[in-house]
Amino acid sequence: MFKSLSTSLIAQGILALAVGVIALAWPSVTVLALVILFAVYAFIAAGMQAVRAFSSAKAGPVFGHLLLGLADLAAGVIALAWPGPTALVLVLIVGVWAVIDGLVEFSAAFASGEPAGARAMFILAGLATAAFGVVLCARPGIGAVTLALLFGLFSLIAGIWMLAQGIELRRTDKTLHPAHSPHEEKNPV
């Protein structure tokens, strides 16, 4: 069991490292890949809405699910037809989300009963997240590349962590294996 888990962690670590290097080397390709991934998601969502529409017993939900499915289908087609503007819109969505999240974190700092250290961390995290969102909204073109670079850095860090965990797990398995072997003979007492 340890060996298969360690092998899995090592393989995932190597894959994450490769994705991280590609994302850092070609951030514009990474942005395009994210747009294509969004289009695939939109097509899958359209299919799921169609399934929901035709599995409903009433006419009202059928019409609503079909409209949502058409909107999802249109979003996927638009994403593939115009990847540049789609990337900018996705960056703006992430920017607005970051601003809202930052404001919520900032306001959480003033909830009753928070210790001073936690309050300071909420304030700092909220301000940093909101500032990040404002920068993304102000410069979405640069923001798309920045998101691709952040994705690449995250993939590199996650890959190194998974690789290290897989190697450590394999090393631990080798030290534990001789101590308890299921094939050992039992001495009758």
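All figures in this text were calculated on a predicted structure; none of them were measured in a lab.
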Would you say the side-chain atoms of Ser6 and Arg171 include a donor-acceptor pair closer than 3.5 Å? no
Give, for atom CG of Leu88 and atom SG of Cys137, the distance between the pair rounded to the nearest 0.5 Å. 11.5 Å
Run the side chain to side chain contact (heavy atoms under 4.5 Å, CB included) test against Ile123 and tell me which residues pass, sequence neighbours left out. Phe106, Ala109, Phe110, Arg119, Leu127
Find the distance between CG (Leu169) and OG1 (Thr7) and round it off to the nearest 0.5 Å. 9.0 Å
Can you tell me how far OG1 of Thr146 sits from CZ of Phe132, rounded to the nearest 0.5 angstrom? 7.0 Å
In terms of heavy-atom contacts, Ala148 and Val31 come closest through CB-CG2, 3.9 Å
Spell out, yes or no, whether Val145 and Trp26 are grouped together once hydrophobic residues are joined by side-chain heavy atoms under 4.5 Å, including indirect joins. no
Measure across Val19 and Ser155 and return the closest heavy-atom pair with its distance rounded to 0.1 Å. CG1-OG, 3.9 Å
Rounded distance [0.5 Å steps], CG in Leu32 versus CG in Leu80: 9.0 Å
Can Leu66 and Phe54 be said to form a side-chain contact (heavy atoms from CB on, under 4.5 Å), step by step? CA-CA 9 Å; Leu66 285 177; Phe54 294 114; 4.1 Å; yes
Could you tell me which non-hydrogen atom of Gly13 sits nearest to which non-hydrogen atom of Met162, and how far apart they are? CA-CB, 3.8 Å
Out of curiosity, Leu124 CG to Thr129 OG1, how far, rounded to the nearest 0.5 Å? 10.5 Å
Non-hydrogen atoms of Glu105 and Gly126 that approach each other most closely: CB-CA, 3.7 Å
Within 6.0 angstrom of Phe38 CZ, more than 12 heavy atoms from elsewhere: yes
I'd like to check Val94 versus Leu90 (side-chain heavy atoms, cut-off strictly below 4.5 Å). Are they in contact? no
Any chain of hydrophobic side-chain contacts (each under 4.5 Å) joining Leu153 to Leu149? yes
Least distance between heavy atoms, Ala53 atom then Val62 atom: O-CG2, 3.0 Å
Is it true that Leu17 and Ile167 fall in one hydrophobic cluster, defined by side-chain heavy atoms closer than 4.5 Å? yes
Going from CD1 on Ile160 to CG on Leu156, what distance comes out if it is rounded to the nearest 0.5 angstrom? 6.0 Å
Verify side-chain contact (heavy atoms from CB on, under 4.5 Å) between Leu9 and Leu163, making sure each step is shown before the conclusion. CA-CA 6 Å; Leu9 281 170; Leu163 200 56; over 6 Å; no
Transitively linked via ILVMFWY side-chain contacts under 4.5 Å: Val91 with Leu150? yes
Treating Ile, Leu, Val, Met, Phe, Trp and Tyr as nodes and any side-chain heavy-atom pair under 4.5 angstrom as an edge, say whether Ile36 and Val77 lie in one connected cluster. yes
If every non-hydrogen atom of Gly133 is compared with every non-hydrogen atom of Ala98, which pair is closest and at what distance? CA-CB, 3.6 Å
For the backbone of Val104 and the side chain of Ser107, can you confirm whether one donor and one acceptor N or O come within less than 3.5 Å of each other? yes
For Leu67, give me all partners under side chain to side chain contact (heavy atoms under 4.5 Å, CB included), at least two apart in sequence or on another chain. Phe63
